[in-house]
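Whatever order the structure lists them in is the order used to number ligands and atoms, beginning at 1. Predicted model only: the values in this text are computed from it and were never measured.
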Amino acid sequence: MTRILKINPLNPEMEKIRKAAAVIRSGGLVVFPTETVYGIGADAFNADACARVFEVKNRPMDNPMIVHISDLDQLHDVAADIPKKVEDAVKILWPGPVTFVLKRNPHMPPTERRTMLDLISVRMPAHPVALRLIELSGPIAAPSANISTKPSGTRAEHVEKDFNNRIEMILDGGDTAFGLESTIIDTTVEPYAVLRPGAFTLIELQKFLGEIRVPDSINRSLKDDEIPKAPGMKYRHYAPDCRLAVADSKELLLSITGRAKENKKIAFLCSNEMADSIGNNAITIRLGSERNLYEIGKNLFDSFRRLDSMHIKCAIIQRFPERGIGLAIMNRVMKASDSNIISSLGEFDAFLNGSGI
Ligand code: TXA
Ligand code: MG
């Protein structure tokens with residue numbers, strides 16, 4: 001049985017934190033909220049507990065986990081040869097939604113199970129529940145709390161569905177604030193490179209870290225024979241069960257909705273403003289206001305999961321500007337849709353045909 005404890009996200013009840021920390025210390029798995037998405041955590045120094053995370057997530061063995069810490073001393077327990085630039089930057093950026101790939105401290109076990117990477121990724125989450133938990137349990141290795149390839153869990157209900165009694169505990173701290181994962185920066189190359197755009201925008205990070213390179217391949221899934229820097233880049237990710245495509249422009253999205261009128265098997269994920277223009281012409285799922293892309297980001301994964309529960313066969317999502325947080329939004333959208341961008345009505349018809357409707 002999974003114990004589900006509702007916990008105050010801002011001022012967590014310490015007896016609940018103590019219970020959760022005891023589970024981690026005895027080798028169990030605890031799902032906990034962070035400011036980005038929920039994590040499924042194990043004692044980072046316990047290789048057997050970490051192996052179980054891979055098992056319950058059905059996670060590819062070569063995909064390493066992020067180690068979560070609660071104070072800067074722990075950074076030295078898990079990483080080695082930390083660049084001065086990073087040491088200085090984390091004093092200001094942490095706790096917060098940015099993860100650094102660093103050299104692994106040889107005292108700690110690798111956080112993937114195949115290639116024994118000598119790298120490790122570390123972050124200090126800006127969430128009272130996560131911080132209090134790690135203070136009592138020590139560093140926690142935690143990927144996002146979702147079955148591999150599925151959208152990350154942004155509320156406890158998502159997680160309960162995915163892990164149905166296969167983990168010891170869920171700390172339910174309500175909806176997560178960003179709804180998109182942390183930004184991952186590789187500090188083992190010069191200039192530093194972004195491996196995954198995320199909740200912390202690059203413009204802000206560059207102020208502390210200097211130039212950050214954005215690799216061309218950032219928004220696509222790599223081919224089988226391509227060797228990724230972040231192994232997670234290789235796999236389809238964040239995907240709803242149905243087929244998903246991106247409408248190239250708002251104008252096209254509007255004409256498509258006219259075309260798809262009364263078709264109950266197709267849904268449109270779009271901004272509130274766009275949904276107002278579409279009106280009752282088609283099934284829409286509102287992501288939030290275009291004037292606040294953070295709201296769109298926060299609702300994105302939940303909207304994917306709503307598609308699943310509505311048994312929608314295929315969905316079209318609006319394209320958002322790839323600036324600021326929009327970079328992370330479009331990165332998840334491109335991976336979830338396998339970079340399927342529709343730029344004409346003809347392509348839309350082909351997409352519908354291909355979806356069997
Ligand atoms: O916001 C987040 O980062 C959330 C919360 C729970 O902290 N965690 C998260 O973890 O998104 P996960 O495992 O779903 O994604 C981590 C990504 C993976 O794509 C993985 O390949 C990459 O980070 N990664 C982890 N360790 C790495 C390493 N040592 N070298 C390169 N990439 C690494
Ligand atoms: Mg993940």
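Only protein atoms were considered; those of element N, O or S under 2.8 Å from the Mg ion (ligand 2) number 1.
With hydrogens and angles left out, the side-chain atoms of Ser152 and Glu181 include a donor and acceptor closer than 3.5 Å. No side-chain N or O of Glu160 forms a donor-acceptor pair with one of Thr2 less than 3.5 Å apart. With 3.5 Å as the limit, one finds no donor-acceptor pair spanning the side chains of His76 and Asn105. No hydrogens or angles considered: nothing links the side chains of Thr99 and Ser121 as a donor-acceptor pair under 3.5 Å. At a cut-off of 3.5 Å, with distance as the only test, a side-chain donor of Thr36 or Arg123 sits close to an acceptor on the other residue.
Ligand 1 has a nitrogen or oxygen under 3.5 angstrom from a nitrogen or oxygen of Ser182. Looking at His237 next to ligand 1, no N or O pair under 3.5 Å apart turns up. In terms of polar-atom proximity, Thr99 is not counted as a contact of ligand 1, lacking any N or O under 3.5 Å from an N or O of the ligand. Of the polar atoms of Tyr38, none of the N or O atoms is found under 3.5 Å from an N or O of ligand 1, judged by distance alone. Close N/O approach between Thr34 and ligand 1 is not found [any backbone or side-chain N/O within under 3.5 Å].
Contacts between His68 and ligand 1, counted as non-hydrogen atom pairs separated by less than 4.0 Å, involve the side chain only. For Met124, no heavy-atom contact with ligand 1 is shorter than 4.0 Å. Within the 4.0 Å heavy-atom criterion, neither part of Thr111 lies near ligand 1. The backbone and the side chain of Leu119 each have at least one atom closer than 4.0 Å to an atom of ligand 1 (non-hydrogen atoms only).
Taking OG1 from Thr187 and CG from Leu195, the interatomic distance works out to 9.5 Å, rounded to the nearest 0.5 Å. How far CG of Leu133 is from NE2 of His127: 11.5 Å, rounded to the nearest 0.5 Å. In this structure, NZ on Lys103 lies 7.5 Å from CG on Leu119, to the nearest 0.5 angstrom. The distance from the OG1 atom of Thr257 to the CG atom of Asn281 is 5.5 Å, given to the nearest 0.5 Å.
Put simply, part of Arg196 is less than 4.0 Å from ligand 1, judged by heavy atoms.
Near Gly39, with a cut-off below 4.0 Å to any heavy atom, the atoms of ligand 1 are 6 (C). Atom numbering of ligand 1 starts at 1 in the shown order; those under 4.0 Å from a heavy atom of Met65 are 26 (N). Residue contact check: Ile120 has heavy atoms under 4.0 Å from atoms 29 (N) of ligand 1. In summary, the atoms of ligand 1 found under 4.0 Å from a heavy atom of Arg59, numbered by their order in the structure, are 13 (O). The ligand atoms of ligand 1 that sit less than 4.0 angstrom from a heavy atom of Ile184 are 17 (C), 22 (C), 23 (O).
Figure legend: cation-pi geometry between Lys85 and Tyr192, with NZ or CZ positioned under 6.0 Å from the six-membered ring centre and within 45° of its axis.
Within 6.0 Å of atom CZ in Arg25, more than 12 heavy atoms from other residues, nucleotides or ligands are found, so the atom counts as buried in its surroundings. Around CD1 of Ile4, the count of heavy atoms belonging to other residues, nucleotides or ligands within 6.0 Å exceeds 12.
Comparing heavy-atom distances from atom 1 (O) of ligand 1 across Ile40, Ile66, Thr36 singles out Thr36 as nearest.
Using cut-offs of 30° and 60° for the angle between ring planes, the His68 and Phe32 rings count as perpendicular.
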